[in-house]
Each structure stands twice: as C-alpha cells, then as structure tokens.
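These notes are about the structure you will find just below.
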Number of protein chains: 2
Amino acid sequence: MPRSTPGRRPATLASLAAELGVSRTTVSNAYNRPDQLSPELRKRVLDTARVLGYPGPDPVARSLRTRKAGAVGLLLTENLSYAFRDPGAIEFLEGLALACEDAGQGLHLVPASPEREDVASVHRAGVDGFVVYSVPEDDPHLAAVLERPLPTVIADQPRAASVDHVGIDDHAAMQRLARHVIELGHKHVGVLCMRLGRDRNDGFVSLPRQHSARYHVQRARLAGLRDAFEAAGVDWNTVPVVERFDHSLADGARAAGQLLDRDPQVTAILCTSDLLALGALDEAGRRGLRVPQDLTVTGFDGIAEALRTELTTVRQPVLDKGRTAGELLLSTKDPGRPRSVTLDTELITGKTSAGPRGYEEPWFGP
Amino acid sequence: MPRSTPGRRPATLASLAAELGVSRTTVSNAYNRPDQLSPELRKRVLDTARVLGYPGPDPVARSLRTRKAGAVGLLLTENLSYAFRDPGAIEFLEGLALACEDAGQGLHLVPASPEREDVASVHRAGVDGFVVYSVPEDDPHLAAVLERPLPTVIADQPRAASVDHVGIDDHAAMQRLARHVIELGHKHVGVLCMRLGRDRNDGFVSLPRQHSARYHVQRARLAGLRDAFEAAGVDWNTVPVVERFDHSLADGARAAGQLLDRDPQVTAILCTSDLLALGALDEAGRRGLRVPQDLTVTGFDGIAEALRTELTTVRQPVLDKGRTAGELLLSTKDPGRPRSVTLDTELITGKTSAGPRGYEEPWFGP
DNA sequence: AACGGCTTCTGAACCGTTACGGTCTGCTGC
DNA sequence: GCAGCAGACCGTAACGGTTCAGAAGCCGTT
C-alpha cells in the first residue's frame with residue numbers, strides 16, 4: 001500500500017479532480033455527500049484516490065472552511081503529566097471523555113506548564129471550545145483561553161461571572177463536615193489544605209493568605225471550616241492551617257507532621273482533600289497515633305482509595321462534573337446568559353472520625 | 001473586555017491590516033516575528049487588535065499554511081473514557097504527556113468507540129502524527145491512521161513491519177515468570193488472560209483461539225507460558241486458559257472463579273495482567289484459599305497497586321513506554337527505516353508465590 | 001554622485017478544502 | 001413539441017493565514 005506517491009507532490013483534492021477531469025466539488029462530494037453524485041462516478045473517484053495515494057480531504061483545510069475542529073480543548077492547572085497522577089483529575093477526565101465520545105469530538109489536552117508561561121499553546125490549539133479545570137484566578141493560560149472567541153466552560157475554579165461553570169458548593173459541604181467533627185466534640189483542630197496561590201508556600205498559612213487565596217475552591221473550603229468553628233465558639237485565629245503546594249500522599253504526610261510537631265494536642269485534622277488526608281493517616285500511623293481513637297482525620301472529594309479506607313469525607317461527583325462540563329460546552333448555542341451547574345455532595349462518615357478522648361459516648365461494657 | 005465585537009463580523013488579520021493601513025504581512029509579523037518591524041508599529045498593531053477584539057492569528061488557518069497542527073494524536077483500543085480506568089493506560093498517557101509537554105505539543109485523544117466503527121474521527125483529527133496504543137491488529141481505526149500520510153508510532157501492539165514501535169519482549173518476560181513458578185514446583189496451573197480478539201469470549205480458550213489471537217501482546221505472553229511449561233514437561237493442552245474481554249478487578253475475580261470451579265486442583269494461577277491477578281486474589285480470599293500457601297497467583301505489568309500488594313509479577317516501564325513513544329514520534333525525520341525500541345522488564349518475586357503443598361523446601365523448625 | 005547595506009514594510013502566491021448558487025442533460029406529462 | 005423538473009455536476013469565492021522575494025527609504029562610504 002503506497003503511503004505516499006514517491007517523487008510527486010502529495011495528491012490533493014484538486015489534483016485528483018484534475019486527474020479525473022471532474023471538478024473539485026465532485027471529489028469533495030464523493031467523500032462528504034455520496035448522494036450528490038452517481039455511484040459509478042463516486043467509485044471511480046475513490047478508486048483513483050487509492051491509486052494516487054490521496055488520503056482523503058485534509059482535516060485542517062476542512063476545519064478552516066467549515067469552522068469546526070471536531071475537538072474540545074482542555075486546560076488543566078498543572079503539567080499535563082501531573083493530571084494523570086491526581087485521582088480527581090483522572091475521574092474528571094473520564095467524565096469529560098465520556099461526553100466528548102458521545103458527541104464524536106476529540107479531546108485536545110493543552111500543554112500548559114506552569115513554569116514557562118507559554119501561552120502560545122493555547123493560541124495554537126485548533127479546537128471548538130475549551131473546558132478549564134481548576135486553575136487559579138490569575139492563570140495566564142486561562143486569560144488566553146478567554147481571549148479566544150470560543151465557548152468555554154470552567155469546572156471548579158475560578159468562578160467567572162461571564163463564563164459557564166460547573167462545580168459544587170464547597171463552602172456548604174465543608175461546613176457540614178466541620179459540624180460533624182464539632183458534634184463529635186472536637187475543639188482543638190488543625191487543617192491541611194492544598195495550594196492557595198501560584199507561589200509555593202509549604203507551611204503554615206496566615207489569615208491574609210487565606211483570604212487572598214487565588215484558588216476559590218480552597219478559599220471556600222477554608223471559609224466553610226471557619227464559619228462552622230466560629231459558630232461553635234472556636235477562635236479561627238487559633239486554628240493552625242498548613243498548606244502544601246504539591247498534591248500527593250507524601251505531602252499530606254509531611255504537612256500532618258508539621259502540624260503535629262507544632263500542635264501535638266490537636267484531636268482532629270481536617271484536610272481539604274482526600275489525598276492529603278490519606279497522607280495524614282500514614283503520618284499518624286508512623287507516630288503511633290490510633291485513628292480515630294487518638295486522632296480524627298477527615299478528607300474531601302471521595303476518591304476511590306478514600307472510600308476503600310473508610311475515610312470520613314465529602315463525596316463529590318467528579319465524573320459527573322467532567323461529563324457535565326463537556327455537555328455544557330457541546331450544547332453551547334451562541335450567546336445566552338452564562339449557565340452554572342452546582343452538583344450535590346454527600347457527607348460520608350467513615351471510620352476515621354470519632355470523639356476526642358474523654359468525649360466518647362458512654363460505653364456499657366461488661 | 002469585548003469577547004467579540006458585536007454587530008460586525010469577527011476581525012481577521014486582513015481586516016486588522018486594512019484598519020491600520022498596513023499589509024497583512026506586517027500584522028502577521030507583529031505576532032510571529034517581532035524583530036521584523038519597528039516596536040512602535042508593533043505596539044500600534046497589538047493595541048488596535050485589542051480594540052477590535054482580534055484574538056490573534058487563527059490556529060487552524062495557520063496550521064493549514066504551515067502544515068503543522070502542534071498536536072499529537074492518540075489512538076487507544078477502547079472507549080476514551082475506559083483509558084482513564086486502566087492503570088496501565090493512565091501511566092502510558094502520563095509518559096506520553098510528558099514528552100508532548102517537553103515539545104510544547106498538544107495531545108489529541110481520538111474518540112474511537114469500538115461499537116460504531118466510525119473511522120471519521122481519525123480522518124478529522126488535525127494532528128502532526130499518531131501514537132497508537134495497544135490495539136488489535138484488525139482495528140479499523142488503526143487502518144485509518146496508517147492511511148494518513150503522517151508519522152506514526154505503535155506502542156505495544158500490533159507490531160507492524162513498516163511502523164515505528166515501542167514495547168517489551170512479552171514472550172521472554174512471561175517465560176521468565178513461568179520458570180519462576182516452575183522452579184517453585186508447580187505442575188498444575190491455570191491461566192487468566194485478557195481479550196484475544198475484538199469479539200467477546202468470557203470463558204475458556206481453545207488452542208486455535210490462542211494462536212489466532214488478534215492481540216499480539218496476549219498471544220506472546222501465552223506463548224511464553226506455553227514454551228516454559230512445555231519445556232518443563234507440562235502438556236500445554238491440559239492447561240486451562242480463561243479469557244476476559246473486560247479488564248477489571250471484578251473480571252479477574254470472576255475468571256478465577258470460573259477456573260477454580262472447573263479445575264479446583266490448580267496450585268497456581270498465572271495472569272497476563274496485574275488487574276486480573278488482583279481480582280484472582282480477591283476470589284481466592286473469598287474461597288478461603290490462602291495465598292501463597294494454598295494458591296500461587298502472579299500478574300504482569302507492575303502497576304502501583306500490585307507492587308503495594310507485593311504481587312509476584314513482571315514490572316514493565318509503562319511510563320517510559322509512553323514517553324519513548326512520544327519522543328520517537330516527535331523526532332521522526334521523514335523516511336528512514338522504521339525504528340523499534342524494546343524496553344527492559346524486571347521479574348518481581350512478591351509474596352503471592354510459593355511452592356505448592358508438599359513441595360516446600362525443608363523447614364528445620366523446633 | 002554612485003554604491004552598498006541595513007531596516008522596515010509590501011505584493012502576491014499559496015495552503016487544501018467546502019459553501020453557495022448556479023448550469024446542463026434528459027426525462028415525464030400533457 | 002415543449003414546459004417543468006429532477007439529478008448530476010461545476011465555477012467561483014471564500015476560509016484566514018504565512019512566506020518569500022523584493023521595494024522604499026535612509027545612512028554612511030568611497
């Protein structure tokens with residue numbers, strides 16, 4: 001099979017038409033609208049195409065003419081490769097891929113290294129629209145996306161008034177989780193959270209930094225905690241919050257260590273993600289702290305590993321989020337006011353939360 | 001910020017040039033070759049662009065002219081969404097994404113549902129090349145990819161003489177694992193394998209089906225087992241092989257159940273993937289079989305979960321495979337003979353393999 | 001005064017296709 | 001014998017850029 005006719009320039013629709021003595025339109029129709037020409041001629045066109053090594057209409061030229069690329073762009077906050085290491089991102093991708101598949105659309109992952117702020121990749125992407133997943137408010141790639149005259153859907157963060165959005169009520173969900181911990185009797189707690197800005201700050205978080213966080217999701221979750229604990233009479237200023245730039249088990253463990261070193265008397269560690277919480281569990285184990293007897297640990301997200309571990313956490317429908325983002329994007333019919341979808345969450349009380357020592361419910365043993 | 005100038009047609013490079021009274025070349029240069037025009041003019045161009053809502057050169061038109069799409073196409077054997085549920089596929093994707101990122105290339109996932117054999121998605125993808133990951137020899141999407149005059153790299157399967165390839169020596173690796181099991185003393189074994197064709201066959205596999213398998217990887221792994229066991233005097237005809245179309249833990253468990261129901265006296269189950277093996281472990285547990293005392297179970301791949309479980313398996317560098325595929329593709333300089341990279345594997349003897357009862361090495365206990 | 005060299009900008013060709021609005025041919029029906 | 005009408009095919013004009021070989025203007029040299 002000739003992958004390309006040697007010696008000659010590659011065949012085009014025009015050259016094929018010339019060879020056949022028909023118009024370009026006819027060749028085009030042979031591929032795109034079989035009913036517009038006689039079966040015999042169509043066969044002749046297709047046969048000759050094979051002989052000449054013409055691979056069918058060029059996708060890029062077609063895209064230019066039809067103004068359709070047949071693909072959805074996806075912008076992620078992190079290195080592309082990182083996305084494949086984060087359980088949440090993977091599930092989101094799965095949902096989005098589902099939606100794209102149903103619509104026969106490709107999924108174009110845009111390389112957006114946070115290091116070299118190379119926005120060109122966004123400008124160069126031949127796509128019909130963008131899904132933006134969880135990026136900081138001041139991400140230059142996001143700005144580049146919004147500059148392009150294409151439909152866009154933002155998942156999770158940031159929340160922009162003029163752009164379609166899908167997410168959850170982070171504040172309410174976290175508040176509810178906090179109330180659960182409060183009801184168990186905890187007064188002295190610590191918090192582990194994900195990055196609050198594009199700058200690395202692996203350590204304790206000041207109040208101003210909490211408020212000025214560039215990641216609305218983290219900001220809302222912290223605010224949910226704050227509101228719940230303040231309502232319960234706990235001074236939020238006294239609650240230690242440890243931030244981690246990278247999102248991994250190991251970082252969760254290290255952050256928990258940092259917290260426990262400085263504040264050994266905390267009876268509960270609330271984490272803004274399951275991965276951090278699972279890391280905290282590891283660290284607790286290393287320190288001989290029993291969970292939940294000695295220490296309560298909670299997460300957020302409801303990733304598979306967390307559910308298996310029976311972590312107390314908030315489950316959010318990440319796959320649905322991805323699919324909804326895709327459906328929203330693909331159903332965009334020109335202007336219309338921006339839409340916003342808020343998905344439901346569910347508090348999961350697992351086996352990593354209990355009352356602090358001295359607060360157990362009475363036990364009527366033998 | 002005007003996302004689009006209302007009322008008027010969207011601005012183009014030409015309309016911008018007309019507005020400014022300069023040539024299109026100059027506007028193009030303002031974006032692509034800043035050194036080709038005076039800073040003042042360039043600023044004027046960019047400012048006017050902002051005012052007119054011109055979002056910069058259209059990526060598709062640029063691609064048409066430059067013959068570069070800035071993206072790598074990826075064809076997977078399965079539903080796109082499925083890829084995000086298979087640990088191996090995810091790690092491959094991660095490696096590939098790494099390579100793409102380094103080169104500033106996008107990663108275009110091609111929707112290729114196995115159901116509707118819609119090859120159009122392949123024809124429509126505006127990409128500079130394709131990576132094909134583990135598809136059957138007779139996949140129509142693969143055929144469509146090969147018809148396009150683009151560089152292509154196949155990872156794992158199939159092996160095509162004229163196309164770049166990256167993979168491992170499945171036969172040798174599996175043979176080595178089999179020898180390990182043979183050395184432990186096992187004579188009566190069973191096998192769990194992944195799908196051997198595009199048709200579903202959840203059950204025992206006939207010899208002809210083994211030979212005619214459309215997935216070269218599975219074929220090679222089975223052949224590796226066969227060769228090792230025949231060399232050890234085991235008649236391969238008597239070794240039960242159970243196939244599963246879907247690749248999941250649950251399917252591994254069901255397959256193991258099927259095997260143990262028919263052949264309760266097997267002392268070892270060799271699986272052609274870790275996921276199947278982990279499922280088999282589950283099933284063994286359900287049946288009260290202790291591993292490895294009552295039953296030896298082995299896997300293949302070396303996914304994280306398997307290493308954590310200390311499964312006896314073969315580790316293959318899946319991330320490297322993805323990265324190598326990307327690098328191979330992106331370094332393709334026109335013809336040259338097809339390249340082939342074979343990556344190393346490593347036998348990992350975990351805690352799920354031991355001698356069958358009666359074959360333990362002598363134990364000098366108290 | 002002619003010349004060469006530099007910077008800055010331009011004109012026109014070209015990338016490969018599809019949309020749109022025809023024309024042409026031959027057949028039906030009266 | 002001719003209007004009317006499908007069906008089959010075609011010509012032209014985009015689609016929105018990039019690129020290359022100059023042209024124009026300016027400056028310093030010989």
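This one's a predicted model, so the numbers in the text were calculated from it and none came from an experiment.
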Which of these nucleotides, C:dG16, C:dC9, D:dG17, is closest to any side-chain atom of B:Ala61?
D:dG17

By nearest atom, which of the nucleotides D:dG17, C:dT17, C:dC9 is closest to the B:Thr12 side chain?
D:dG17

Under a 4.5 Å cut-off applied to non-hydrogen side-chain atoms, are B:Leu96 and B:Leu74 in contact?
yes

In whole Å, I'd like the distance from the CG atom of A:Asn29 to the P atom of D:dC10.
10 Å

Between A:Leu64 and B:Asp35, which has a closest nucleotide on DNA chain C that is more 5'?
B:Asp35

Mind checking A:Val60 for me? I need base, sugar-phosphate or nothing, with any heavy atom below 4.0 Å counting as a touch.
nothing

Just compare C:dT10, C:dA19, D:dT18 and give me whichever is closest to any side-chain atom of A:Thr66.
C:dA19

Under 4.0 Å between any heavy atoms, over every strand shown, what does A:Leu37 touch: base, sugar-phosphate, or nothing? Just pick one.
sugar-phosphate

So A:Arg33, base contact, sugar-phosphate only, or nothing? Heavy-atom distance under 4.0 Å.
sugar-phosphate

Within the 3.5 Å criterion, strictly below it, is a donor on B:Ser23 or B:Thr26 matched to an acceptor on the partner's side chain?
yes

Counting the atoms with a prime plus P, OP1 and OP2 as sugar-phosphate, which does A:Asn32 contact under 4.0 Å by heavy atoms, base, sugar-phosphate, or nothing?
sugar-phosphate

Polar contact flag, side-chain donor to acceptor under 3.5 angstrom, B:Asn29-B:Arg42
no

Give the rounded distance in Å between these two atoms: CG of B:Asp58 and C1' of D:dA14.
14 Å

Would you say A:Arg339 and A:Thr332 are linked by a side-chain donor-acceptor pair, where the criterion is simply a distance under 3.5 Å?
yes

Report which part of the nucleic acid A:Arg67 touches: base, sugar-phosphate, or nothing (heavy-atom distance under 4.0 Å, all strands).
sugar-phosphate

Of all the nucleotides listed (C:dC9, D:dG17, D:dC10), which has the minimum atom distance to the side chain of B:Tyr54?
D:dG17

Using the side-chain heavy atoms of B:Thr25, tell me which of these nucleotides is nearest: D:dT18, D:dC10, C:dT10.
C:dT10

Earlier contact from the 5' end, DNA chain C, for A:Arg65 and B:Thr26
B:Thr26

